[in-house]
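Below is one structure; the comments refer to it alone.
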Amino acid sequence: MRYIKLRTKITLISAIILIVLACTLTLISVKSAKKTYTNEFEMSISDGLSFKLNDKKIELGSKGSSNLGDILDFAGEVVKSLDKDSSDLTKSDSKKISVNQIFNNASNEFTKNSIIIMSALVILGIVIIYKSVGYALKPVRQLSKSMETINANNLCQKLEEPTSQDEIGSLTNSFNHLLGRLNETFESQKNFTANAAHELKTPLATMKAGIQVLEMEESPSIEEYKETVEVAKANTERLIHIVEDLTNLTKQENLHFTDSIDLADTIEDCLKELEPISKQRNVTLQEGDCEGVILGNQTLISRALFNLLENAVKYNRDNGYVYVTSKKEGDQIKVVIEDNGIGIPKEALPQIFEPFYRVDKSRSREIGDSGLGLALVRNIIEKHHGTISVRSCLGQGTTFEVVFNKEV
């Protein structure tokens, strides 16, 4: 039944149920009728007057003689109702029709009529079911036609929601929500592609410009060659950094998540690695009480915490500070990284975890930020079934909170 339409399937199932019920009801009726059409029949005509008929004789009875005329009149009517041919057959002595035969004929006639009526009603019922199912499925066909018009260019176009709050309405609402999520995903992919192309194009364009300037010189000096090589080297490093971040962002499926990670030791290692940068930018690194052990991938967790701490240092101010703690809260462990740096505008907070998004593009490029750091952090945290959130006030500082389960 895989290639049968839904309307036909529902009709067939309903028809089977209807046929079974009709046959059962007819069978019960026929059996009940056979018990009624026996070779002995007794009937009460009026108060004190009775009529009894069987295969051997006809008996009339009355409690009083005053009803004798009524008895004789009723007997005459009974005799007349018998088959006309029975008298002729009796006179000719060719056949003798018994009362039992009369009742058997009546029983067979009832059975035949019952089957004919049942068949007619079943056919009529199937036709009505088929028409009714077609009418009920009309909104589904309309919904299917509307869905066929949706493509990558009009994902923002929502389907018209029906007025009824039934399953069709629920399906339409669910499909509209799906279109919304798909549209967001497509837009995100478009932005990602455009931003990635721009980020890769910028260092290549810079290197090409340096080479073209060098070619314009009739006899370039050694210093000009060195300068061009340094520019090419710096931009090559930038390209490598972007490609590495993209690789880490997309390929983490085959990594193991079975390391027992001591967050206190991991945070301490990250702070030691950041000491040269923090001294250069005159930012104080402060470690509060740190505790907690989680199960996951040591390399990825170290990368995520390092990126958060590095951003807190890079986007800080002179004589600023970065304060980090980790503590247990029930079945979870919360890592809090707080700074008093330049802060993030409120309208930018929802986008900071998107790939290549920068709050201040000019400053981000000055400090060598590829725009993939926070996107990579969120990806790593989610791989460990954790969550990350941010609070910030422009000009006052930023706080990141990462919540892990004790075991992943």
Side-chain angles (χ1 to χ4, degrees), residues 181-182 184-185 188-189 191-193 195-196 199 240-275 277 285 287-314 322-339 349-357 368-391 398-408:
R181 293 193 296 270
L182 285 175
E184 291 177 1
T185 302
S188 177
Q189 290 295 328
N191 293 333
F192 176 83
T193 303
N195 291 331
E199 292 298 327
I240 292 173
H241 183 60
I242 293 174
V243 172
E244 286 179 350
D245 284 344
L246 286 172
T247 303
N248 292 328
L249 191 63
T250 57
K251 292 185 178 181
Q252 297 174 8
E253 290 79 7
N254 298 326
L255 298 175
H256 63 86
F257 292 83
T258 56
D259 297 333
S260 181
I261 305 170
D262 190 315
L263 291 177
D265 293 341
T266 304
I267 291 172
E268 185 177 353
D269 292 339
C270 292
L271 293 176
K272 288 181 179 179
E273 190 173 350
L274 285 169
E275 280 183 0
I277 301 177
L285 300 178
E287 182 180 3
D289 294 333
C290 294
E291 60 179 354
V293 178
I294 65 171
L295 194 65
N297 185 279
Q298 179 69 63
T299 302
L300 293 181
I301 292 296
S302 297
R303 178 67 182 273
L305 295 178
F306 180 85
N307 282 0
L308 290 174
L309 291 168
E310 184 183 32
N311 282 348
V313 173
K314 286 182 176 180
V322 175
Y323 182 72
V324 56
T325 62
S326 66
K327 58 181 179 179
K328 299 178 182 178
E329 292 186 355
D331 294 333
Q332 298 177 326
I333 299 175
K334 179 185 291 186
V335 179
V336 179
I337 299 175
E338 179 184 355
D339 67 68
L349 289 177
Q351 286 84 35
I352 62 172
F353 293 105
E354 297 299 324
F356 296 111
Y357 181 82
D369 186 10
S370 66
L372 292 170
L374 290 179
L376 183 60
V377 169
R378 183 178 64 175
N379 186 273
I380 293 173
I381 300 304
E382 290 177 351
K383 293 279 186 187
H384 288 78
H385 306 287
T387 59
I388 182 170
S389 59
V390 57
R391 302 189 310 272
T398 303
T399 301
F400 283 92
E401 290 187 359
V402 180
V403 179
F404 294 105
N405 293 321
K406 288 184 179 180
E407 291 187 357
V408 179

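Computed from a predicted model, the values in this text were never measured in an experiment. Heavy atoms only: backbone and side chains are in, while hydrogens, waters and symmetry mates are out.
Taking the side chain as every heavy atom from C-beta outward, I301 and F404 approach each other to under 4.5 Å. No side-chain heavy atom of F353 sits under 4.5 Å from any side-chain heavy atom of N379. A 4.5 Å side-chain heavy-atom check between T299 and D259 finds every atom pair outside the cut-off. No side-chain heavy atom of T325 sits less than 4.5 Å from a side-chain heavy atom of D289. Annotation: side chain of R391 is in contact with side chain of E401 (closest heavy-atom distance under 4.5 Å). I388 has its side chain within reach of L308: a pair of non-hydrogen atoms, C-beta onward, lies under 4.5 Å apart.
Note that CD1 of I381 and CZ of F400 are 11.5 Å apart. Values are rounded to the nearest 0.5 Å. Separating the CD1 atom in I352 from the CG atom in N311 is a distance of 9.0 Å, to the nearest 0.5 Å. Summarising the geometry, atom CZ belonging to F306 is positioned 11.5 Å from atom CG belonging to D269; distances are rounded to the nearest 0.5 Å. In this structure, the separation between CD on E291 and NZ on K327 is 9.5 Å, given to the nearest 0.5 Å. Rounding to the nearest 0.5 Å gives a distance of 9.5 Å between CG of N405 and CD1 of I294. With rounding to the nearest 0.5 Å, the separation of OG1 in T399 from CD1 in I337 is 10.0 Å.
A side-chain donor-acceptor contact under 3.5 Å links H384 to the backbone of N297. Between the side chain of N307 and the backbone N or O of V377 there is no donor-acceptor pair closer than 3.5 Å.
Looking at every heavy atom in both residues, C270 comes nearest to S302 through SG-O, 3.7 Å. For the pair G292 and I333, the tightest heavy-atom approach, listed with the atom from each and the gap, is CA-CD1, 3.5 Å. The minimum heavy-atom distance linking Q298 with T266 is given by the pair NE2-OG1, 3.2 Å. Between E354 and A375, the shortest heavy-atom contact is C-CB, 4.2 Å.
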side-chain contact (heavy atoms from CB on, under 4.5 Å) for V313 and L285? Distances and angles first, verdict last.
CA-CA 8 Å; V313 173; L285 300 178; 3.7 Å; yes
